[in-house]
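Below is one structure, written out as structure tokens; the observations come after it.
Just follow the structure's listing: the first ligand is 1, and inside any ligand the first atom is 1.
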Amino acid sequence: MGLLTVDLNAVIANWRLLGRTVGSCVSAVIKADAYGLGANEVGSALYTEGCRDFFFATLKEAIDSRAYLSLDANCYVLHGVVTGEEHLFSRHKLIPVLSSITAIKVWVEWCWNFKNNNPSLPCVLKIDTGMTRLGLSAIELAEFCSSKGILSRINPVVLMSHLACSDDANHPQNITQLQSFNEAAAMLKKYFPQILLSIANSSGVFLGSDYHKDMVRTGAALYGLHPTKDMDSAIKPVVSLDLPIIRLRVINTKVGVGYGAEHVALEGQVLAVVAGGYADGLHRILGCNGTGYCRGVSVPVVGRISMDAIIFDVTKVPDILSWLTTDASCIPFSVEVINPILNISMLSQKNSSLGYEVLTSLSSGRYQRRYLLGGEERFV
Ligand SMILES: *Cc1c(COP(=O)(O)O)cnc(C)c1O
């Protein structure tokens with residue numbers, strides 16, 4: 001099966017680079033299994049580097065993280081809390097991100113009954129400044145600020161919001177969201193002077209220091225996705241993916257290739273069938289007109305991607321014919337579909353897909369994983 005290499009040294013280098021850029025706390029967003037790369041490995045490596053703030057989407061992801069993150073790591077749950085699950089936050093020392101008045105009331109009431117509110121457990125308040133997804137609306141925020149019962153019983157440690165258009169530095173919504181956020185922050189600081197502020201995701205970091213606040217929440221950039229349209233940013237690539245060749249064949253007469261015979265191969269063409277297909281997320285990674293690299297040569301996909309196999313035209317690979325009769329397990333090269341040149345940002349731009357989707361589709365794979373950390377490599 002394919003070999004997915006995750007360079008944790010590069011993740012660490014990216015985290016440090018972000019730290020130098022913002023000069024404030026760089027939290028790691030390791031939801032969705034660190035975008036498919038392994039929350040355990042990424043989280044542990046960053047913890048060792050000194051990262052103490054980690055964001056998860058679901059409660060389960062955050063609970064599972066306690067197997068690799070000590071209790072001094074702040075673990076935030078973006079989906080927040082619902083009735084019946086409050087005790088799990090307390091038991092695992094997790095911090096809910098509260099995004100509606102309803103959720104706030106559920107949390108405050110439970111904390112009050114459970115702890116006699118002395119002291120109240122920490123939480124994060126999330127306000128909506130233009131994403132219109134999660135977060136308190138302006139009306140809800142006003143209700144919050146006018147409710148003495150809530151204000152006196154809640155312990156919000158962070159006020160956050162999320163940018164909808166940060167990957168486009170010229171989008172006017174960035175500045176309107178920042179202004180709304182600043183206004184809300186000024187209001188809340190009156191009640192909670194210690195509250196930390198956070199608005200930027202990876203791309204937000206590159207909108208300038210006005211967006212940095214006390215904490216940024218970065219996922220994509222840690223994993224090697226270029227956070228801006230500038231493909232030359234110093235963010236290091238993290239992922240590479242090699243697919244083993246399981247069959248080499250030379251075509252001796254014009255013939256259809258793959259399902260639907262969509263491609264027609266001609267005499268003399270050399271085809272490599274590799275292990276991996278759409279069941280491994282590869283249709284997302286390769287898109288239409290997919291290419292890979294084989295011994296330094298760019299090789300196109302031919303025919304349709306099937307569930308477990310993809311066919312590449314390797315005719316141009318030097319000396320390829322000399323390997324025709326070699327047992328597949330002894331072929332010492334593979335087809336690279338993600339490498340430093342075909343990196344995730346490049347691939348997503350080429351396929352006009354989202355780098356995030358390309359990354360997370362890796363998790364569905366049957367890949368062997370290789371983690372690089374320090375001078376060591378570890379296979380999982
Ligand atoms: C996923 C997520 C992030 C991380 O965004 P990146 O663009 O990957 O850096 C930050 N904040 C919130 C609320 C998120 O849901």
Legend entry - Under 4.0 Å to a heavy atom of Lys31 - the qualifying atoms of ligand 1, by number: 1 (C), 2 (C), 3 (C), 14 (C), 15 (O)

Legend entry - Numbered atoms and elements of ligand 1 in range of Ala220, under 4.0 angstrom, heavy atoms: 6 (P), 8 (O), 9 (O)

Legend entry - Glu41 with Arg369: basic N within carboxylate O range, under 4.0 Å: no

Inset, instruction - State whether the shortest distance between N or O atoms of Thr218 and N or O atoms of ligand 1 falls below 3.5 angstrom. - result: no

Inset, instruction - Give the atoms of ligand 1, by number and element, whose distance to some non-hydrogen atom of Ser202 is under 4.0 Å. - result: 6 (P), 7 (O), 9 (O)

Inset, instruction - Would you mind running through ligand 1 and noting each atom that sits below 4.0 Å from a heavy atom of Met160? - result: 13 (C)

Inset, instruction - Please confirm whether Tyr35 comes under 4.0 Å of ligand 1, counting heavy atoms of the residue only. - result: yes

Legend entry - Structural part of Leu225 in contact with ligand 1, heavy atom criterion under 4.0 angstrom: neither

Legend entry - Residue and atom name of the nearest protein heavy atom (relative to atom 11 (N) of ligand 1), distance in Å to one decimal: Arg217 NE, 3.0 Å

Inset, instruction - Decide if the gap between the ring center of Trp110 and the ring center of Phe89 is smaller than 6.0 angstrom. - result: no

Legend entry - Close side-chain approach of Lys31 to Leu78, heavy-atom, < 4.5 Å: yes

Legend entry - Beyond-backbone contact of Asp308 with Arg366, side-chain heavy atoms, under 4.5 angstrom: yes

Legend entry - Arg153 and Glu109 ion-paired at < 4.0 Å: no

Inset, instruction - Taking the side chain as every heavy atom from C-beta outward, state whether Val299 and Asp313 have any pair of such atoms under 4.5 Å apart. - result: no

Inset, instruction - Indicate yes or no: at least one non-hydrogen side-chain atom of Phe181 is less than 4.5 angstrom from one of Leu197. - result: yes

Inset, instruction - Check if Arg133 has a non-hydrogen atom at a distance under 4.0 Å from any atom of ligand 1. - result: yes

Legend entry - Minimum side-chain heavy-atom gap Leu98-Leu136 below 4.5 Å: no

Legend entry - Lys126-ligand 1 polar pair, N/O distance under 3.5 Å: no

Inset, instruction - May I ask you to identify, for His162, whether its side chain, its backbone, both or neither come under 4.0 Å of ligand 1 on a heavy-atom basis? - result: side chain

Inset, instruction - For Tyr356 and ligand 1, answer yes if some heavy atom of the residue is under 4.0 Å from a ligand atom, otherwise no. - result: yes

Legend entry - N-O pairing of Arg52 and Asp72 below 4.0 Å: yes

Inset, instruction - Before signing off on this row, confirm whether Gly219 and ligand 1 have an N or O atom pair separated by under 3.5 Å. - result: yes

Legend entry - Nearest-contact summary for atom 5 (O) of ligand 1 - protein heavy atom, Å: Asn201 CB, 3.5 Å

